[in-house]
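Following: one structure in structure tokens, then a few remarks.
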Amino acid sequence: EADIYQTPRYLVIGTGKKITLECSQTMGHDKMYWYQQDPGMELHLIHYSYGVNSTEKGDLSSESTVSRIRTEHFPLTLESARPSHTSQYLCASSGGLRVDEQYFGPGTRLTVT
Amino acid sequence: GNSVTQMEGPVTLSEEAFLTINCTYTATGYPSLFWYVQYPGEGLQLLLKATKADDKGSNKGFEATYRKETTSFHLEKGSVQVSDSAVYFCALSSFGNEKLTFGTGTRLTIIP
């Protein structure tokens, strides 16, 4: 069973606040990903990392930033939340022998009022 | 570039009906193909995969066959249950690039 965790699961916050969405995995995977999922269900890759100190922007432009200081931890930060950031954020990781399989966390549903 | 075209939903079926969700792809080289499932309030889970032409992936009564000649990976199940209600995503990854390209998702609802 995959061990990838996201906190908080739900967050309601006011405009202008700084927020950090946490993502941790205990599988020792090198690669980690952040996806934004819109209400229509479509998934958009917004950030990824292929290892410690490696971060890249994904296919969808995002005002969020990420860091990868430890293998197991890949937090996403929004410096100033806006209503347009309201969405579901999914974290995933891959690695080991099944490098092409991604394991997903349960997601954080963010609402910015 | 890579792309995945997935059958639009929502799809509503009665329990024990036969399910097909169509998926076709465009990719360079020989991609790996996946079906992921997302149950309400959860993240995505890998349902099945196939890594080369004519491979059949199967899990939980679902199956899909990698058809290179038609660039398709249709998901099928012979008899669906209420517990199969979820959103299903077709996806691919290319050799050497582990980023997944997803379809838009198909919401499946099974009624008793």
Side-chain angles (χ1 to χ4, degrees), chain A residues 1-10 21-25 27 29-51 54-60 74 87-109, chain B residues 1-11 21 23 25 27 29-52 55 57 59-60 66 73 85-109:
Chain A
E1 188 167 319
D3 295 310
I4 179 163
Y5 308 98
Q6 290 186 244
T7 57
R9 291 292 312 275
Y10 304 91
L21 307 184
E22 301 289 348
C23 176
S24 295
Q25 50 94 5
M27 297 171 283
H29 286 170
D30 290 331
K31 300 174 178 64
M32 296 189 74
Y33 312 82
W34 275 104
Y35 293 87
Q36 186 172 338
Q37 185 172 28
D38 62 28
M41 305 176 300
E42 195 163 352
L43 291 158
H44 303 283
L45 180 68
I46 53 174
H47 297 284
Y48 61 99
S49 166
Y50 283 171
S54 151
T55 60
E56 301 287 344
K57 290 191 178 297
D59 305 322
L60 179 70
F74 191 42
S87 191
Q88 167 98 323
Y89 292 86
L90 293 170
C91 180
S93 72
S94 66
L97 294 177
R98 299 180 178 177
V99 66
D100 56 349
E101 295 180 16
Q102 290 188 18
Y103 295 87
F104 283 77
T108 294
R109 182 164 298 281
Chain B
N2 296 341
S3 68
V4 175
T5 301
Q6 193 174 333
M7 175 177 168
E8 289 190 19
V11 174
I21 301 177
C23 173
Y25 67 90
Y30 302 94
S32 293
L33 302 174
F34 307 85
W35 278 99
Y36 280 82
V37 59
Q38 184 177 29
Y39 298 103
E42 297 183 13
L44 277 69
Q45 301 174 24
L46 179 64
L47 180 60
L48 53 84
K49 65 181 275 191
T51 58
K52 61 183 188 296
D55 265 3
N59 186 25
K60 300 182 180 181
Y66 190 143
F73 193 55
S85 298
V87 180
Y88 292 81
F89 292 91
C90 186
L92 68 82
S93 70
S94 297
F95 179 77
N97 178 8
E98 287 79 26
K99 287 193 291 179
L100 287 172
T101 299
F102 283 94
T104 53
T106 301
R107 185 178 300 279
L108 173 67
T109 302

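Keep in mind that what you see is a predicted model, and the values were worked out from it rather than measured. Per chain, numbering begins at 1; letters A, B, ... match sequence-line order.
Summarising the geometry of Q37(A) relative to F89(B), their closest heavy-atom pair is NE2-CZ, 3.5 Å, with the distance given to 0.1 Å. When all heavy atoms are compared, the tightest approach of L100(B) to Y35(A) is CB-OH, 4.1 Å.
For a residue to count as touching a neighbouring chain, one of its non-hydrogen atoms must lie under 4.5 Å from one of that chain's; by this rule R9(A) touches chain B with the side chain only. Contact of T51(B) with chain A is made through the side chain alone, with heavy-atom distances under 4.5 Å. Heavy atoms closer than 4.5 Å to chain A are found in both the backbone and the side chain of L44(B). When heavy atoms are compared at a cutoff of 4.5 Å, S93(B) approaches chain A solely by way of its side chain, counted from C-beta outward.
Chain A forms the most heavy-atom pairs under 4.5 Å with one residue out of Q45(B), K99(B), R107(B), E42(B), and that residue is K99(B).
Within a 6.0 Å radius of OH in Y39(B), more than 12 heavy atoms belonging to other residues, nucleotides or ligands are found.
The side-chain heavy atoms of Q38(B) and M41(A), taken from C-beta on, include no pair separated by under 4.5 Å.
Atom CZ of residue F102(B) and atom CD of residue Q102(A) lie 6.0 Å apart, to the nearest 0.5 angstrom. F104(A) CZ to L46(B) CG: the interatomic distance, rounded to the nearest 0.5 Å, is 9.5 Å.
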